[in-house]
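This report concerns only the one structure given below.
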Amino acid sequence: PKFTIVDQDTCIACGACGETAPDIFEYDDEGLSFVHLDNNAGVKEVPEDLHEDLEDALDGCPTESIKIAEESFDGNPTKFE
Ligand code: F3S
């Protein structure tokens, strides 16, 4: 399983992830990215058919704000760091 979450403390609203993976990432009023699957809680498994988009978004984020793990983040982007 794959879980994902955006660390909004480091996201610079560059806008790349929503272009790459529009079914996973959206932007809030300030342009900061969040995972719309679970309102950026990192608790919902990313569907298999979106895994490739997710990896591409990970590679494309200039600030490494996109986090991926095999377990739930429980709302904490830095849980595994
Ligand atoms: Fe932010 Fe990275 Fe997306 S900086 S807008 S999480 S590509």
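None of these values were measured; they are calculated from a predicted model. We count ligands from 1, going down the list as the structure has it; atoms in each ligand are counted the same way.
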Quiz item: List-wise, which protein N, O or S atoms are found short of 2.8 Å from atom 3 (Fe) of ligand 1?
Solution: Cys17 SG
Quiz item: What are the two closest non-hydrogen atoms of Phe73 and Phe80, and how far apart are they?
Solution: CE2-CD1, 3.5 Å
Quiz item: According to a 4.5 Å side-chain heavy-atom criterion applied to Ile, Leu, Val, Met, Phe, Trp and Tyr, with indirect links allowed, do Leu50 and Ile68 form part of one hydrophobic cluster?
Solution: yes
Quiz item: Name the one of Glu48, Glu55, His51 that satisfies side-chain hydrogen bond (donor to acceptor under 3.5 Å, both in side chains) with Lys2?
Solution: Glu55
Quiz item: Under a 4.5 Å cut-off applied to non-hydrogen side-chain atoms, are Lys79 and Asp74 in contact?
Solution: yes
Exercise. Decide whether Ser65 and Thr10 meet the rule of one side-chain donor and one side-chain acceptor closer than 3.5 Å.
Key: yes
Exercise. Please check if the side chain of Gln8 supplies one atom and the backbone of Ser33 the other of a donor-acceptor pair under 3.5 Å.
Key: yes
